[in-house]
Structures are given as C-alpha cells and as structure tokens.
Number of protein chains: 2
Amino acid sequence: MSDLRPYSGALERLRRVGLRPTRQRLALARLLFDKGHRHVTAEQLHGEAVAAAVRVSLATVYNTLHQFTAAGLLSEVVVEPGRSYFDTNTDDHHHFYFEKTGVLQDIPGDHVVVKQLPEPPPGTEIRRVDVIVRLGAGT
Amino acid sequence: MSDLRPYSGALERLRRVGLRPTRQRLALARLLFDKGHRHVTAEQLHGEAVAAAVRVSLATVYNTLHQFTAAGLLSEVVVEPGRSYFDTNTDDHHHFYFEKTGVLQDIPGDHVVVKQLPEPPPGTEIRRVDVIVRLGAGT
DNA sequence: CGGCAATTTAGAATCCCTCTAAGTTATTGA
DNA sequence: TCAATAACTTAGAGGGATTCTAAATTGCCG
C-alpha cells in the first residue's frame with residue numbers, strides 16, 4: 001500500500017542510517033514500518049516474522065531493535081518491569097498505558113504539555129521526558 | 001500526603017493497612033520508612049536487611065514490597081527494563097533518572113505541571129501520571 | 001494452650017534478554 | 001569478477017531479576 005511513497009522503502013531507510021541491508025533487517029523493517037505506527041515487543045515481532053515465513057532468530061530481533069533504536073528509527077518505551085516496547089513513532093509524544101491489557105497507545109504530542117520543569121542538576125542535561133498516563137477500568 | 005500523623009512507627013503503619021505485623025515486615029518497614037524518603041530495589045533492601053542481621057529471604061522482600069505497594073505505603077517506579085524501584089514517597093511527584101548511574105531522584109510535585117491531558121478513552125480512568133526526566137552527561 | 005490461616009522460606013522455575021563462538025553474507029578493492 | 005575482510009546472524013548457553021511451589025513456621029483467636 002505504502003511503498004509508493006518516495007522514501008519509505010525499507011532498503012532506503014536502512015541505507016540512510018548506515019545499516020547494512022541484510023535479508024533479516026529488511027524483513028523486520030518492513031514488518032515494523034509498512035503499516036502505520038506500532039508498539040511491539042521483541043517477542044511479538046519475532047512471532048510476526050515467523051508467521052510471515054521470515055527465517056530470523058530471536059537474538060537478531062533483539063539486536064535489530066536496538067540498532068534501529070540507536071539509529072533513531074525507533075524509540076524504546078518502558079512501562080512495566082521486565083518488558084520493553086519499541087515504538088515506530090519517534091516524534092515527541094507520550095503514552096496511554098492500559099494496565100489491564102498491557103496495550104500502549106500514543107497520545108499526540110500537542111495534547112500534553114509539561115511545564116515548570118526544574119533545572120537539571122549541574123553536569124547533566126535532559127535526554128528525554130517520558131510521560132505515561134496509566135489507565136485502569138473506569139467506574 | 002501519605003501520613004499526617006506524627007507517629008510513624010512500623011507497627012502502627014502495618015496495623016493501619018491491615019497487614020499482620022510479622023518480624024520480617026516490621027524490620028523491612030523500619031528500614032524503609034525510618035530515615036526519610038528512599039528509592040530502593042528488592043535486592044538493595046534485602047542487602048540492607050542482611051547487613052542489619054535481619055533474617056529474611058529475598059522472596060519475602062519481594063512479597064513485602066508488593067504488599068506495601070498494594071496497600072499504598074509504597075509506589076513502584078519503572079525506569080529501566082528488568083529492574084523495579086520502590087519509592088517511599090507516595091505523594092504526587094515525578095522523577096529525575098540518571099541514565100549513567102541508575103540513580104532515581106524525586107522532583108517535588110509543584111515543579112512539574114502536566115497540562116492538556118486528553119480525556120481517557122471511554123470505560124477507563126487515569127490511575128496515575130508518571131513523568132520521568134531522563135538525564136545524561138552534560139556537554 | 002490448640003488449631004488454623006497467614007506467612008515465610010529455600011530452591012526450583014520462569015521470563016526476558018545478552019553473550020559467545022562459530023558459521024554466513026555483504027561489501028570492498030585489486 | 002572474485003577473493004579477502006569485516007559485518008552480520010545464529011543456536012544455545014548464560015545471567016539477572018522475579019515468581020512459583022510446597023513444606024515449615026508463626027501470629028492470632030478463642
């Protein structure tokens with residue numbers, strides 16, 4: 001559907017960040033980026049790859065997710081102990097987290113404003129500000 | 001405000017939330033609450049207990065931390081995959097996280113203001129809003 | 001004090017994730 | 001074009017944090 005867009009190809013994307021376009025990385029990039037923004041865990045992505053008959057090991061899925069993150073193609077979101085989500089949306093934005101289901105959902109950037117942030121302690125700088133709105137069952 | 005009362009004895013605290021004051025829970029409560037606000041991991045707390053010659057297993061430390069959290073005596077802070085911090089400050093506040101050292105530090109509640117929060121999706125309610133300011137080495 | 005449910009415990013188990021060492025593949029440059 | 005080489009992939013072992021299990025212990029009530 002979306003591979004008509006000029007620079008959305010997986011190969012192009014890898015080239016631009018200087019990662020060798022291997023069969024595994026290309027396949028994972030397509031799974032991640034070819035259908036809108038997503039939040040996935042390594043296990044989930046590996047499952048999708050296997051389901052799509054892509055031969056790739058779990059170790060490579062982990063490596064690839066971290067390389068993509070380091071390259072700025074993904075961002076990592078930590079909401080629960082012992083499980084990392086990777087978000088294909090790298091714009092400045094925040095998250096709803098449904099505690100019951102473990103589902104993570106973007107909150108568009110302009111819907112949350114953080115004000116009066118204190119100065120970071122000397123010798124440090126702010127890398128990122130994460131806002132997680134935790135949701136439970138309503139009344 | 002988690003506690004307006006001047007008397008903050010461990011026994012009293014456990015009684016108030018309906019947890020049986022066992023030797024282990026009393027000792028852990030003292031370690032946690034008797035010297036100002038703290039951020040600890042289960043391992044750390046267990047280490048302190050052992051150092052203080054309190055006989056308690058790691059499993060019990062985990063159980064106790066979760067029971068205290070469920071009872072509202074602690075709050076859990078998730079900043080890294082694979083490690084949970086427990087915070088003795090249950091007031092509304094946020095955190096600085098020093099990525100390099102793994103140290104967590106409170107930001108007083110009135111120093112961060114979150115605005116324009118969107119409506120939670122129907123059937124859900126906001127349980128908590130976590131703000132984590134991630135810090136790296138400055139320039 | 002006796003009885004029973006709550007609690008504690010050691011150790012095994014589990015869950016994510018990382019590492020290692022060996023095999024494979026993309027790229028480079030002659 | 002075709003090695004040579006460096007980058008990459010992988011299975012399986014390893015590791016850290018946490019949870020589970022089943023048995024022993026302990027606090028609490030009458």
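Letters A, B, ... mirror the listed sequences (proteins, then strands); counts begin at 1.
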Nucleotides 14-20 of chain D: which of its N/O atoms have a protein N/O under 3.5 Å away?
from   : atom 1 : to    : atom 2 : distance (Å)
D:dA17 : OP1    : B:R83 : NH1    : 3.2
D:dA17 : OP1    : B:R83 : NH2    : 2.9
D:dT18 : OP1    : B:S84 : N      : 2.9
D:dT18 : OP2    : B:Y62 : OH     : 2.4
D:dT18 : O5'    : B:Y62 : OH     : 3.1

Where does the angle between the aromatic ring planes of B:H93 and B:H95 fall among parallel (under 30°), tilted (30 to 60°) and perpendicular (over 60°)?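 The arrangement is perpendicular - the two ring planes meet at more than 60°.
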On DNA chain C, which is the earliest and which the latest nucleotide, 5' to 3', with an atom closer than 4.0 Å to a heavy atom of chain A?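 Here the contact window of chain A covers C:dC16 to C:dT27.
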Measure the [atom1]-[atom2] distance between [X] and [Y] for me, rounded to the nearest 0.5 Å.
X	Y	atom1	atom2	result
A:F98	A:T101	CZ	OG1	6.5 Å
B:L117	B:K115	CG	NZ	12.0 Å
A:F68	A:L19	CZ	CG	6.5 Å
A:R23	A:T60	CZ	OG1	9.0 Å

Could you check how far CG of A:L19 sits from C1' of D:dC8, rounded to whole Å?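 For the pair A:L19 CG and D:dC8 C1', the rounded distance is 11 Å.
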Atom-pair distance (CG on B:L11; C1' on D:dC28), nearest Å: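 One finds 14 Å between C1' of D:dC28 and CG of B:L11, rounded.
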Judged by each residue's nearest nucleotide on DNA chain C, which is more toward the 5′ side, A:P21 or B:V61?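 With B:V61 and A:P21 compared, the 5'-side residue is B:V61.
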Assuming nearest nucleotide by heavy-atom distance, tell me which of A:R55 and B:R20 is located more 5' along DNA chain D.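 Upstream on the strand: A:R55.
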Mind checking B:T60 for me? I need base, sugar-phosphate or nothing, with any heavy atom below 4.0 Å counting as a touch.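 Result for B:T60 = base.
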Step by step, would you call A:S84 with A:E76 a side chain to side chain donor-acceptor pair (under 3.5 Å)? CA-CA 7 Å; A:S84 268; A:E76 192 173 359; 2.7 Å; yes
Determine, step by step, whether B:R134 and B:E80 satisfy the salt bridge (charged side-chain N to carboxylate O under 4.0 Å, His left out) criterion, reporting the C-alpha distance in whole Å, the side-chain angles of both residues, the deciding distance to 0.1 Å, and the verdict. CA-CA 11 Å; B:R134 292 173 190 275; B:E80 313 179 305; over 6 Å; no
Within the structure provided, determine whether A:T69 and A:S75 are in side-chain contact (heavy-atom separation under 4.5 Å).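 Answer no - side chains too far apart.
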